[in-house]
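Shown next, in structure tokens, is the structure this report addresses.
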Amino acid sequence: MPELPEVEVTRLSLLPYLINYKVDKATILTPKLRYPIDSQLSKKICGATITAINRRSKYLIISTTQGSLMVHLGMTGTLTIKPRNAPLTKHDHASFSIGDYSLIYNDPRRFGALIWADPHDESCFLPFFKKLGIEPFDPLFNGHYLWQHAHTRVQAIKPLLLGGEIVVGVGNIYASEALFKAGILPQRSAKRISKQRYQTLAESILNTLHHAIELGGSTLKDFQHGTEKNGYFQIHHQVYDREHQPCYRCQIPIKRIRQGQRSTFFCPHCQR
Ligand SMILES: [Zn+2]
């Protein structure tokens, strides 16, 4: 599943190809992904100049002079720039011709979304943002903020982070990695973590996400951003997916547990 760093790298990779360019043709090949696609989308977006691409959590918002298109990549979606005349491939659901290039939305499992908002009315986007916590790169996000919103909760810290109601973008891999870096047990109750350790955790979250975005940026290729295996950047995991392998710090085998349907990896010695 594309996580926040993948979505941010997608955004950065699209900017030079889209900003200030005009959509001169749009082909929608699928009536419905996770939600129905506006049947008038190709008409509505044709002739529009793209003015901005922003991101809120894992939603990309492509603003144009004729309205805005919100894109969510779901489980397997990709937004890719290809040469204009490149043939469509299996699971391509939408193609937007922009100058010499085409912007292609491809999604084998179709859990993604393309949602159009008419000009000056983005109220249809709001239900998607209602429960979202702040952005990790928001200047307001720091150890104090994290402590303030988490220390009254009895829930285990890892599923609390994953829920995204305090801060968005800390997906399964990044939560496991950030908790390892901060030396915090994923199953520790959020109210039993000191303010000082929340400081370390906030820093670890930011470092982990920044590192992934940098790495993703460096794997960018012409026309196609590097969605490598499973759509994840190949960050060098300290604990994620390393069950039974020795911890890089203490050599004790990494453990795996289930927390609310998700696998959590941690070092029973380095994390407490
Ligand atoms: Zn260890």
**Prompt:** In a check of ring pair (Phe, Tyr, Trp, His ring centres under 6.0 Å) between Tyr35 and each of Phe128, Trp116, Phe111, Phe125, which one passes?
**Reply:** Phe128

**Item:** Cationic N near anionic O, under 4.0 Å, Glu3 to Lys58
**Value:** yes

**Item:** Residue among Val23, Val71, Ile62 satisfying side chain to side chain contact (heavy atoms under 4.5 Å, CB included) with Leu103
**Value:** Ile62

**Message:** If only side-chain N and O atoms count, and only distance matters, is there a donor-acceptor pair under 3.5 Å linking Thr49 with Lys22?
**Reply:** no

**Complete:** Output for pair (Tyr105 OH, Ile37 CD1), nearest 0.5 Å, gives 8.5 Å

**Message:** Donor-acceptor pair, distance only, cut-off 3.5 Å: does the side chain of His211 make one with the backbone of Asn207?
**Reply:** no

**Prompt:** Are any of the side-chain heavy atoms of Ile213 and Phe137 separated by less than 4.5 Å?
**Reply:** yes

**Message:** I'd like to know if the side chain of Arg256 pairs up with that of Ser263 as donor and acceptor (distance under 3.5 Å, no hydrogens or angles considered).
**Reply:** yes

**Prompt:** Within the side chain of Ser102, is there an N or O that forms a donor-acceptor pair under 3.5 Å with the backbone of Ser97?
**Reply:** no

**Request:** Please test Lys181 against Glu203 for salt bridge (charged side-chain N to carboxylate O under 4.0 Å, His left out), starting from the C-alpha separation and ending with a verdict.
**Result:** CA-CA 9 Å; Lys181 280 185 198 163; Glu203 284 162 20; over 6 Å; no

**Asked** Does the side chain of Ser68 pick up a donor-acceptor pair with the side chain of Glu122 at under 3.5 Å?
**Response** yes

**Pair Phe180 + Phe266: ring centers closer than 6.0 Å** = no

**Request:** Say whether Lys255 and His244, considering side chains only, have a donor N or O and an acceptor N or O under 3.5 Å apart.
**Result:** no

**Request:** Tell me yes or no: between the side chains of Lys90 and Asn106, is some donor less than 3.5 Å from an acceptor?
**Result:** no

